[in-house]
Amino acid sequence: MKNNKLTPMEFKWVIYDIGNSAFILLVTTIIPIYFNSISKAEGIAENAYLSYWSYAASISTLIVAILGPILGTIADYKGNKKKIFLISAFAGAIGLACFWIPNSMLGFLSLFVGAKVAYSISLIIYDSMINDITTEERMDMVSTKGYAWGYIGSVVPFVISLIFILFNEKIGISMTTAMIISFLLNAIWWIAFTLPLAKNFKQKYFVEKEPKVISQTFSRLFQTLKEAKKQKKVFLFLLAFFFFIDGVYTIIDMATAYGTSLGLDTTGLLLALLVTQIVAFPASLIFAVLSKKKNSESLIKICILAYFCIALYAIQLDKQWEFWLLAVAVGCFQGGIQALSRSYYAKIIPQENSGEYFGLLDICGKGASFIGTLIMGVVTQITGHQNIGVAAISVLFLIGFYLFNQVCKIKD
């Protein structure tokens with residue numbers, strides 16, 4: 001029987017998910033609505049607002065797709081993981097704390113892109129740390145607990161923020177003040193849960209530093225790309241991940257913006273996505289238990305098929321209660337597919353090169369959502385119908401499922 005109790009180092013790694021998840025919960029809920037108010041003040045139509053938001057999300061993921069593998073490769077050098085992790089996490093939190101400053105659409109989107117890039121870089125390094133803080137047989141359990149506690153922990157600053165935003169008049173503050181409090185609170189929360197890991201992390205697996213670090217970094221990255229092509233299981237998994245996680249991240253990133261553009265009640269949208277976080281907590285822990293009884297390959301397949309059904313359901317969504325049902329369904333499988341994909345990948349890559357390999361995963365992950373959000377934005381703008389943009393997402397899950405099934409056939 002496996003021991004489910006986290007070690008002190010595993011615990012410090014898990015709680016970073018509590019910190020950074022506060023930011024991403026804001027990005028999928030309150031921040032799109034806040035941006036909508038800025039764009040409305042500049043006379044931007046609802047359909048155009050969704051497109052501009054999609055383009056900003058696409059630009060941030062494209063930047064990370066370029067920087068991620070480079071910084072991940074640099075992080076593999078001895079002593080570098082902690083430094084890059086700390087710098088990126090703090091940069092993201094400071095950017096979040098300043099969200100209230102820009103009063104123009106372009107200014108806000110520029111700051112948002114910068115903070116989102118820093119957040120994503122911190123996650124690349126964070127994910128690669130799993131090889132250093134736990135053992136292979138505990139990875140599924142530790143990874144799923146990270147997502148589980150991230151979901152429920154991020155609810156705390158979100159609920160407090162929601163109280164200030166929804167009841168600002170009763171409290172006696174302006175909406176602007178309520179938003180400032182919300183941004184600052186979540187930034188402080190993020191920093192607070194970053195410090196324990198940053199202070200105690202020790203890099204067990206690393207590459208010794210070499211002269212001419214920059215040129216050696218690109219040389220190693222190029223070599224890793226060649227090696228990944230030779231490692232059929234790794235290469236096929238990256239390709240499968242590219243497709244199925246595209247749909248997942250697009251749904252996560254665009255849910256509130258999509259609901260807002262359909263004219264659904266703002267308060268209802270926020271509460272529905274709060275339900276997603278709450279449902280995702282026990283659901284992720286259930287996947288942690290299931291990972292001990294079932295192999296992670298079967299569980300990942302179940303999650304991909306579930307998301308395929310969710311995408312089909314979202315095509316016809318136009319009522320508030322339907323959005324609530326969507327939120328619950330997403331919560332059931334969101335943590336499972338992310339956590340199990342992370343731990344599955346960590347098991348099949350070289351441990352000493354985990355940073356650069358997770359950088360490649362990020363190209364196929366958040367880099368893939370560049371395509372999803374871009375397709376959704378362009379199709380919505382061309383057709384004038386948001387639902388049509390959602391339709392393409394379901395196809396990506398089918399392709400991802402087929403490719404992942406090929407991965408499962410390859411023996412270690």
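Nearest heavy atom pair, residue Leu239 against residue Phe243, reads O-CD1, 3.2 Å. Summarising the geometry of Ile165 relative to Met175, their closest heavy-atom pair is O-CE, 3.3 Å, with the distance given to 0.1 Å. The shortest non-hydrogen separation linking Ala240 to Leu403 is CB-CB, 3.6 Å. When every heavy atom of Ser284 is checked against every heavy atom of Gly335, the shortest pair comes out as OG-CA, 3.4 Å. Between Thr194 and Trp190 the shortest heavy-atom distance is OG1-O, 2.7 Å. The minimum heavy-atom distance between Ser122 and Ala89, with the atom names listed, is CB-N, 3.8 Å.
A distance of 7.0 Å separates OH in Tyr344 from CD1 in Ile300, rounded to the nearest 0.5 Å. Note that OG of Ser154 and CG of Asn20 are 9.0 Å apart. Values are rounded to the nearest 0.5 Å. How far CZ of Phe85 is from CD1 of Ile124: 13.0 Å, rounded to the nearest 0.5 Å. The distance from atom CG of Leu290 to atom CG of Leu299, rounded to the nearest 0.5 Å, is 5.5 Å. To the nearest 0.5 Å, atom CD1 of residue Ile15 and atom CG of residue Leu6 are 10.5 Å apart. Atom CE of Met179 is separated from atom OG1 of Thr177 by 11.0 Å, given to the nearest 0.5 angstrom.
Annotation: side chain of Ile59 is in contact with side chain of Ile63 (closest heavy-atom distance under 4.5 Å). Two residues are said to be in side-chain contact when any heavy atoms from C-beta on lie closer than 4.5 Å; Cys408 and Lys301 meet this criterion. A heavy-atom distance below 4.5 Å is not found between the side chains of Phe397 and Leu305. Residues Met105 and Tyr52 are in side-chain contact: their nearest non-hydrogen atoms beyond the backbone lie under 4.5 Å apart. Side-chain contact between Val64 and Leu67 is absent, with no heavy atoms from C-beta onward closer than 4.5 Å. Here the side chains of Met139 and Asn131 are in contact, with some heavy-atom distance below 4.5 Å. Within the 4.5 Å cutoff, side-chain heavy atoms of Ile130 are placed close to those of Thr134. Contact annotation: the side chain of Leu312 never approaches that of Tyr307 to less than 4.5 Å [non-hydrogen atoms, C-beta and beyond].
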Sequence neighbours excluded and cut-off under 3.5 Å, please list the side-chain donor-acceptor pairs for residues 180-189, or say none.
residue, atom, partner, partner atom, Å
Ser182, OG, Ser161, OG, 3.2
Asn186, ND2, Ser161, OG, 3.0
Asn186, ND2, Ser182, O, 2.7
Trp189, NE1, Ile18, O, 3.1

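In summary, the side chains of Ser298 and Asn295 do present a donor paired with an acceptor at a separation below 3.5 Å, with no hydrogens or angles considered. Between the side chains of Tyr151 and Gln334, at least one donor N or O lies within less than 3.5 Å of an accepting N or O. If you check the side chains of Trp149 and Tyr16, you find no donor sitting under 3.5 Å from an acceptor.
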Give the C-alpha distance, both sets of side-chain angles, the deciding distance and a yes or no for ring pair (Phe, Tyr, Trp, His ring centres under 6.0 Å) between Tyr345 and Phe237. CA-CA 8 Å; Tyr345 184 68; Phe237 177 80; 5.7 Å; yes

For the pair Leu197 and Met9, evaluate side-chain contact (heavy atoms from CB on, under 4.5 Å) and give the outcome as yes or no after the intermediate values. CA-CA 8 Å; Leu197 177 58; Met9 197 62 240; 3.5 Å; yes

Would Val155 and Phe281 satisfy side-chain contact (heavy atoms from CB on, under 4.5 Å), going step by step from the backbone distance to the final call? CA-CA 10 Å; Val155 165; Phe281 173 64; over 6 Å; no

Would Tyr402 and Gln406 satisfy side-chain contact (heavy atoms from CB on, under 4.5 Å), going step by step from the backbone distance to the final call? CA-CA 7 Å; Tyr402 170 77; Gln406 301 307 304; 3.6 Å; yes

Before you tell me yes or no, could you show the steps for Trp100 and Thr176 under side-chain contact (heavy atoms from CB on, under 4.5 Å), namely the whole-Å CA-CA distance, both residues' side-chain angles and the distance that decides it to 0.1 Å? CA-CA 8 Å; Trp100 60 275; Thr176 300; 5.8 Å; no

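The main-chain N or O of Ala327 is found under 3.5 Å from a side-chain atom of Thr276 such that the two form a donor-acceptor pair. Side chain of Ser143 to main chain of Ala339: a donor-acceptor pair is present (N/O by atom type, distance under 3.5 Å, no hydrogens or angles). Judged by distance alone, with hydrogens and angles left aside, the side-chain atoms of Lys204 form no donor-acceptor pair with the main-chain N or O of Ile133 at under 3.5 Å. Side chain of Gln203 to backbone of Gly79: a donor-acceptor contact under 3.5 angstrom is found. With Asn200 contributing its side chain and Pro196 its backbone, the two residues share a donor-acceptor pair below 3.5 Å. Between the side chain of Ser60 and the main chain of Ala57, a donor-acceptor pair closer than 3.5 Å is present. With hydrogens and angles ignored, the 3.5 Å screen pairs a side-chain donor or acceptor of Tyr126 with a backbone N or O of Trp13. Judged by distance alone, the side chain of Glu10 and the main-chain N or O of Thr7 form a donor-acceptor pair under 3.5 Å.
Salt bridge status for Lys81 with Asp132: present, with a side-chain N to carboxylate O gap under 4.0 Å. Using a 4.0 Å cut-off between charged nitrogen and carboxylate oxygen, Asp17 and Lys145 do not count as a salt-bridge pair.
Taking the six-membered ring where tryptophan is involved, the planes of Phe241 and Phe244 are perpendicular, since the angle between them exceeds 60° and thus also 30°. The aromatic rings of Phe112 and Phe99 sit tilted relative to each other, their planes meeting at an angle between 30° and 60°.
For OH of Tyr313, the number of neighbouring non-hydrogen atoms (other residues, nucleotides, ligands) closer than 6.0 Å is greater than 12.
Phe23 pairs with exactly one of Phe193, Tyr119, Phe158 by the ring-ring contact (aromatic ring centres under 6.0 Å, His included) rule, that one being Tyr119.
Aromatic rings from Phe167 and Phe164 are positioned such that their centres are separated by 6.0 Å or more.
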